[in-house]
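FYI, side chains are in, hydrogens and waters are out, and symmetry mates aren't considered; it's all heavy atoms of this structure. Chain letters run A, B, ... following the sequence lines, proteins first, then strands; residues in each count from 1.
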There are 2 protein chains.
Amino acid sequence: MVAALGSPPGPAAEWRWAMGDNGRPTATISRVAEAAGVSRATVSRVMNGRSTVAPELAERVLAAARALDYAPSPVARSLALGRTATISLIVPDLANPTFQEVLRGLSQAAGEHGHRLLIAESAEHVEDEEVLAVEARRRCDGIVLASPRLPAEDLGRLAQQLSPLVLINRTLPGGGVPSLSVDHAAGIGDLVAHLLSLGHRKIVYLAGPPASISNQDRLDVLLRLSREGRAFELVELACGSMFEDGHAMAGAVVGTGATAVVAYNDMVAFGTLSGLHELGVAVPQQISITGFDDIPFARFTTPPLTTTAVPANAIGRDAWTRLWALLEGSPATPPATYRPRLQVRGSSGRAALS
Amino acid sequence: MVAALGSPPGPAAEWRWAMGDNGRPTATISRVAEAAGVSRATVSRVMNGRSTVAPELAERVLAAARALDYAPSPVARSLALGRTATISLIVPDLANPTFQEVLRGLSQAAGEHGHRLLIAESAEHVEDEEVLAVEARRRCDGIVLASPRLPAEDLGRLAQQLSPLVLINRTLPGGGVPSLSVDHAAGIGDLVAHLLSLGHRKIVYLAGPPASISNQDRLDVLLRLSREGRAFELVELACGSMFEDGHAMAGAVVGTGATAVVAYNDMVAFGTLSGLHELGVAVPQQISITGFDDIPFARFTTPPLTTTAVPANAIGRDAWTRLWALLEGSPATPPATYRPRLQVRGSSGRAALS
DNA sequence: TTGAAAGCGCTAACAT
DNA sequence: ATGTTAGCGCTTTCAA
């Protein structure tokens, strides 16, 4: 074989996207109509189970469709119908276990109702986030958005372009946009009550990112509780949201002389746990530790982590439910709040005599 | 205001999907053309930077587009062009940390090239998996498929309908389909070599799901190594792939008198670690443990887990690269194999005198 | 360089 | 009950 004798560039490339199983162009509604000797409208009706087509005709259409291996084009339907049977999830960080779980819940729920899920990670580009979201919106019927950092005013403006929209961990004044939030205050309250019941009177709070709203929420409650109840002394330590942050603070925690620590989240708690272990400090005998979120691994540390469970999967499913309602034309549901559930495990115990 | 005086049901509902920011119908190419006093073709050219439109005209078009807040409809473009700028990822289980990482890598890489990602979890429905995949394929330009359980023959048939297609952890004879696999054998080999160098001579293998190909791979190497080298005694224990499975086997592991365990994956290793801890068996002083995958948490256990790292993120990115090549009309790349990288951490140490 | 017109594949009035 | 027709919004020959 000489190179020059190779098959010349034919029209094959033109058909690339339109090829079916056997190398034939994929069947269209017109071919089926032709094969069945009916109009395209009738084929459409049959394929959608619309109105009552004469049984005999319907059978003929179905037979033709089967023979041609026909299936309606979702893209063409989307254009004609003005809807795509697709929704988008936009999250800042796919590495976050909580968002992963929201994703799963949303994906499953949407899938059960025949809807596909488009996903976008807005990563660290707060700047591009709006563009990303608007772009995503045009390819689908609605959006579920988790955008912890977008300023409230920008969010308000965005909301209209993105509608139908469901917000996660954000609310918008006016109540026009359904939103699903976690009651951080209640979660922290439960954690503190638990620690107090164990006799702890000096508690360290390992703070998350200062800019984070949820960190603010947590800190506010802690301050209020320590002041109002006068039941314990609060020590705030700037920390972060990652394992390494918590790990690095272990020494400082010990230095405070506190008997318990409330970590910003589970990851930080894990880090602290690990750091204390390396320092030879026994948990919970010498110091108790609590986290927040109850990510899957919280049950698997040694000792298992006392934390408060954010029902991320349920939030994902609920986001679908509300978005779906919007798609169906129902009025926006009022903002909902999820109360975390306290999970008492091995990392918390009676306060040591300090 | 009396209810009866409320605004009557108007055509508003009809416009739901076509509403823009201000409640006006979203701009179309026709409106822009009209506003700019040109044809739709010209608007199209300008929007796509096609051929050379007279600068003055182009400016007029752009101005009109801006004024009307116009952006081309992705759906309409998809229909006209026969491509969607979207790809799909199909995975059996979104809860699996490795797939989550593949997802991230793929999402990022595709995003950098202006493509969106549709995601589908085939969950436990091996049955529906084919339908799901074919359905997904019609909404996008190509597929990345991880389908550990689908029988080879079914996969072969599916491959043509799904093309362009990139396979993860599966290969197809004939080389027509790019595939990305993990070299389980090499990974296990490294782990065993490491354990042997530490003096271990009796090793337990905590087996994964019997049906899993990757479990077979691992077992095969272990058997071969123990026979050929005669360097160690192998004990196979049926286990599973989850934390709980490993946890339940801790006692049995101790019962074998082995000094080291090679777990099917990191999760099983975590479970075993936890179980041994509860039994008061010191790791690695009394027993060494190794995992497989190096999921993010492997670094965070106590002791940190010795394991072998599967570059899931890189695999995700590479899947994009190969799928993209296919979309561009390049020939299929040959199957690639990723060699895991050994990560020696605290869970493995010198063999105890047994 | 620009415009007219014919699709892309499907749906939904409107007739019959 | 079925067919005809006119879009959905955009791209792309083909002429001019």
Side-chain angles (χ1 to χ4, degrees), chain A residues 11 13-20 24-61 64-65 68-85 138-139 141, chain B residues 11 13-20 24-61 64-65 68-85 138-139 141:
Chain A
E14 312 298 339
W15 286 101
R16 224 181 332 128
W17 67 271
M19 298 292 254
R24 300 178 306 203
T26 62
T28 69
I29 196 174
S30 296
R31 288 193 205 293
V32 175
E34 187 182 15
V38 300
S39 71
R40 296 178 318 186
T42 296
V43 176
S44 176
R45 289 182 186 115
V46 171
M47 297 309 293
N48 296 293
R50 273 292 195 294
S51 75
T52 58
V53 176
E56 180 228 291
L57 257 200
E59 188 40 56
R60 236 163 63 204
V61 169
L68 295 174
D69 206 21
Y70 169 76
S73 152
V75 177
R77 297 196 80 222
S78 295
L79 182 59
L81 292 172
R83 50 187 156 77
T84 60
R138 302 218 54 194
R139 306 184 171 276
D141 303 337
Chain B
E14 313 297 340
W15 285 102
R16 223 184 330 129
W17 67 270
M19 296 295 253
R24 302 179 304 204
T26 63
T28 70
I29 196 174
S30 297
R31 289 195 203 291
V32 176
E34 187 181 14
V38 300
S39 71
R40 296 179 316 185
T42 296
V43 175
S44 176
R45 289 180 187 117
V46 171
M47 297 310 291
N48 296 292
R50 274 292 194 297
S51 77
T52 58
V53 175
E56 180 228 293
L57 259 201
E59 188 40 56
R60 236 163 63 205
V61 169
L68 296 175
D69 207 18
Y70 168 76
S73 153
V75 177
R77 297 194 80 224
S78 296
L79 181 59
L81 293 173
R83 52 188 156 73
T84 59
R138 303 217 55 194
R139 303 182 172 275
D141 303 337

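Between B:Glu34 atom CD and C:dA4 atom P there is a gap of 13 Å when expressed in whole angstrom units. Rounded to whole Å, atom P of C:dA4 lies 10 Å from atom CZ of B:Arg40. As a whole-Å value, the separation of A:Leu79 CG from D:dC10 P is 9 Å. Taking atom CE on A:Met47 and atom P on C:dG9, their separation rounds to 15 Å, with Å as the unit. Atom CZ of A:Arg50 and atom P of D:dT2 are 16 Å apart (whole Å). Between B:Leu57 atom CG and C:dG3 atom C1' there is a gap of 11 Å when expressed in whole angstrom units. Residue A:Arg77 contributes atom CZ, which lies 16 Å from atom C1' of D:dG7 at whole-angstrom precision. When rounded to the nearest whole Å, the span between CZ of A:Arg138 and C1' of D:dG9 equals 10 Å.
The side chain of B:Asn48 has D:dT11 as its nearest neighbour among D:dT11, C:dT11, D:dT4. Taking every side-chain heavy atom of B:Leu81 into account, D:dT12 is the closest of D:dT12, D:dA6, D:dC10. You'll find that the side chain of B:Val53 is closest to C:dT2, out of D:dT2, C:dT2, C:dG9. Of the candidate nucleotides D:dA1, D:dG3, D:dG9, D:dA1 has the atom lying nearest to any side-chain atom of A:Thr52. When distances run from any side-chain atom of B:Ala80 to the nucleotides C:dG9, C:dT2, D:dC10, the shortest one goes to D:dC10. When distances are taken from the side chain of A:Ile29 to each of C:dC10, C:dG9, C:dC14, the shortest belongs to C:dC10. For B:Ala54, the listed nucleotide lying nearest its side chain is C:dT2; candidates were C:dT2, D:dT2, C:dC10. Residue B:Arg45 places its side chain closer to C:dA4 than to any other of D:dT2, D:dT11, C:dA4.
Comparing A:Thr28 and B:Pro55 by the nucleotide of DNA chain C whose heavy atom lies nearest to each, the residue mapping closer to the 5' end is B:Pro55.
With hydrogens and angles disregarded, no donor-acceptor distance shorter than 3.5 Å links the side chain of A:Arg45 to the backbone of A:Arg40. Here the side chain of B:Arg60 pairs a donor or acceptor atom with the backbone of B:Ala36 at under 3.5 angstrom.
Between A:Ser73 and B:Arg138 the shortest side-chain heavy-atom distance falls below 4.5 Å. Side-chain contact between B:Tyr70 and B:Thr26 is absent, with no heavy-atom pair separated by less than 4.5 Å. Side-chain contact check for B:Asn48 versus B:Arg77: some heavy-atom pair is nearer than 4.5 Å. Considering only heavy atoms from C-beta on, B:Pro72 stays 4.5 Å or farther from B:Ile29 through its side chain.
Comparing the start and finish of the helix from C:dT1-D:dA16 to C:dT16-D:dA1, five pairs each, the helix axis swings through 40°, to the nearest 10 degrees.
The phosphate of D:dT2 has neither OP1 nor OP2 within less than 4.0 Å of any side-chain N or O from A:Thr42. Proximity of B:Ser44 to the phosphate of D:dT11: a side-chain N or O atom is located under 4.0 Å from OP1 or OP2. Checking the phosphate oxygens (OP1, OP2) of D:dG3, a side-chain nitrogen or oxygen of A:Ser39 falls inside 4.0 Å.
B:Glu34 CD to B:Thr28 OG1: the interatomic distance, rounded to the nearest 0.5 Å, is 8.5 Å. Considering CG of B:Asp141 and OG of B:Ser78, their distance stands at 7.5 Å, rounded to 0.5 Å.
Not a single donor-acceptor contact under 3.5 angstrom links the side-chain atoms of A:Arg31 to the base of C:dG9.
B:Val38 comes within 4.0 angstrom of the backbone, heavy atoms only, and of no base.
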